[in-house]
Amino acid sequence: MQDEEVRSRRAVLKAAGGIAGLMLAQGCTTRSSIAPVASTPPVAPPAAPLKVAAAPVRTLSAPPTVNPGLFARAQAALARHSGTIRKTDRIAIADFGLDSLHPRFQFIDMHSGVVSAMRVAHGSGSDPAHRGRLERFSNVPDSNATSEGAFTTDNYYIGKHGRSQRLVGLDHTNDNALLRAIVIHGAWYANPEMIAQHGKLGRSQGCFAVAEGDLARVFDLIGEGRMLYASKV
């Protein structure tokens, strides 16, 4: 009887030890299989890109030798035709409010304001009495008159006046320029001796005729793809 009690007590102790060992084993396994989570510092959001202020748009005032009202018109035309005029660093203004004895063909650097000027003839249809002053503009074929408005300079060619440059009229007042063959060219009747002899230049058939000695300089200044603006105030 005592032997059976001893065996029963040993069985109970053995079972209790097994349960405790199993619990201990499970606890170790749980602790070893779950890695501790390291504390990660918060990631700062990316810095916003610095905003660079746009460069201020510089509005060039009329140079002292250029009519301010006409210059304002030319600037407005330059903005209006910005999608067509390829180069805006320099423009030409033909100020037909001045007599032909004056250097009224003005080439203006739009960055520095520097002006180069020379004489230019107008069309006979714009000055029928040949007084040396433009009286009227026309866009009509065979009118032999000068047209008013903005042109863009096109390609060069050799014609009856030698090397010449085509002009494309951009306004309804001069959109027949190509049809009328209105171009820039040199001509004897625009040479300086005409001023000495007659006090005025001769007349063209509507073209922008300059002194033969000035033609190369004109082409250097105006080039292709720039604006020529002709008007009077």
**Item:** Pairs meeting criterion ring-ring contact (aromatic ring centres under 6.0 Å, His included) with involvement of residues 214-233, two or more places apart
**Value:** Y156-F219

**Prompt:** side chain to side chain contact (heavy atoms under 4.5 Å, CB included) with M227: which of I91, I93, T88?
**Reply:** I91

**Request:** Could you pull out the closest heavy-atom pair between G225 and I85, with the gap in Å?
**Result:** O-CG2, 3.5 Å

**Request:** Output the distance between atom CG (D127) and atom CG (N144), rounded to the nearest 0.5 Å.
**Result:** 12.5 Å

**Request:** Any salt bridge (Lys or Arg N to Asp or Glu O under 4.0 Å) involving residues 182-196? Give me the pairs, sequence neighbours left out, ordered by first then second residue.
**Result:** none

**Request:** Kindly write out the residues that satisfy salt bridge (charged side-chain N to carboxylate O under 4.0 Å, His left out) with R80, not counting sequence neighbours, or none if the list is empty.
**Result:** D171

**Asked** Are V218 and L201 connected, step by step, through hydrophobic side chains (Ile, Leu, Val, Met, Phe, Trp, Tyr) whose heavy atoms are closer than 4.5 Å?
**Response** no

**Asked** Same cluster for F105 and L101 if Ile/Leu/Val/Met/Phe/Trp/Tyr side chains link at under 4.5 Å?
**Response** no

**Message:** Once rounded to the nearest 0.5 Å, what's the spacing between atom CG of L98 and atom CZ of R104?
**Reply:** 7.5 Å

**Complete:** Tightest non-hydrogen contact, residues S138 and R180, listed as O-NH1, 3.2 Å

**Atom of A150, atom of A77 and distance for their closest heavy-atom approach** = CB-CB, 4.1 Å

**Complete:** side-chain hydrogen bond (donor to acceptor under 3.5 Å, both in side chains) filter on D99, not counting sequence neighbours, yields R133

**Fill in**
The complete set of ring-ring contact (aromatic ring centres under 6.0 Å, His included) pairs with one or both residues in residues 115-139, sequence neighbours excluded, reads none

**Message:** According to side-chain hydrogen bond (donor to acceptor under 3.5 Å, both in side chains), who are the partners of N139, at least two apart in sequence or on a separate chain?
**Reply:** D175

**Item:** Check: D142 main-chain N/O paired with Q205 side-chain donor or acceptor under 3.5 Å
**Value:** no

**Message:** Quick check against the 3.5 Å criterion: does R90 have a side-chain atom that pairs as donor or acceptor with the backbone of H111?
**Reply:** no

Counting only pairs under 3.5 Å, give me each side-chain donor-acceptor contact of residues 183-192, with atom names and distances, residues two or more places apart or in other chains.
unit_1: N191; atom_1: OD1; unit_2: E212; atom_2: N; d: 2.9
unit_1: N191; atom_1: ND2; unit_2: W188; atom_2: O; d: 3.4
unit_1: N191; atom_1: ND2; unit_2: E212; atom_2: OE1; d: 2.9

**Request:** Treat each ILVMFWY residue as a node, draw an edge where side-chain heavy atoms are under 4.5 Å apart, and state whether V233 and F71 are in one component.
**Result:** yes

Using atom types as modelled, flag every donor-acceptor pair under 3.5 Å from a side chain in residues 162-170 to any protein atom, sequence neighbours excluded.
unit_1: S164; atom_1: OG; unit_2: G162; atom_2: O; d: 3.1
unit_1: Q165; atom_1: NE2; unit_2: D154; atom_2: O; d: 3.0
unit_1: Q165; atom_1: NE2; unit_2: G223; atom_2: O; d: 2.8

**Message:** Once rounded to the nearest 0.5 Å, what's the spacing between atom CZ of R217 and atom CE of M118?
**Reply:** 6.5 Å

**Request:** Compare all side-chain heavy atoms of F107 with those of V115 and state whether any distance is below 4.5 angstrom.
**Result:** no

**Item:** Pairwise salt bridge (Lys or Arg N to Asp or Glu O under 4.0 Å) hits with a residue in residues 222-233, at least two apart
**Value:** D89-R226

**Asked** So do the side chains of T173 and S147 get within less than 4.5 Å of each other, counting heavy atoms only?
**Response** no

**Prompt:** Atom CG of N174 and atom OG1 of T146: how far apart are they, to the nearest 0.5 Å?
**Reply:** 11.5 Å

**Message:** Checking R203 now: which residues fulfil side-chain hydrogen bond (donor to acceptor under 3.5 Å, both in side chains) with it, not counting sequence neighbours?
**Reply:** none

**Prompt:** According to a 4.5 Å side-chain heavy-atom criterion applied to Ile, Leu, Val, Met, Phe, Trp and Tyr, with indirect links allowed, do L60 and V66 form part of one hydrophobic cluster?
**Reply:** yes

**Item:** Summary of ring-ring contact (aromatic ring centres under 6.0 Å, His included) pairs that have at least one residue in residues 81-100, sequence neighbours excluded
**Value:** none

**Prompt:** Taking all non-hydrogen atoms of both residues, which atom of P63 and which atom of I108 are closest, and how far apart?
**Reply:** CG-CG2, 4.1 Å

**Prompt:** Which pair of non-hydrogen atoms, one from L221 and one from S116, has the smallest distance, and what is that distance?
**Reply:** CD1-CB, 3.8 Å

**Request:** Of all the heavy-atom pairs spanning V120 and S100, show the shortest one and how long it is.
**Result:** O-CB, 4.4 Å

**Between NZ on residue K87 and CD1 on residue I222, distance to nearest 0.5 Å** = 10.0 Å

**Asked** Mind checking what makes side-chain hydrogen bond (donor to acceptor under 3.5 Å, both in side chains) contact with S231, not counting sequence neighbours?
**Response** R73, E148

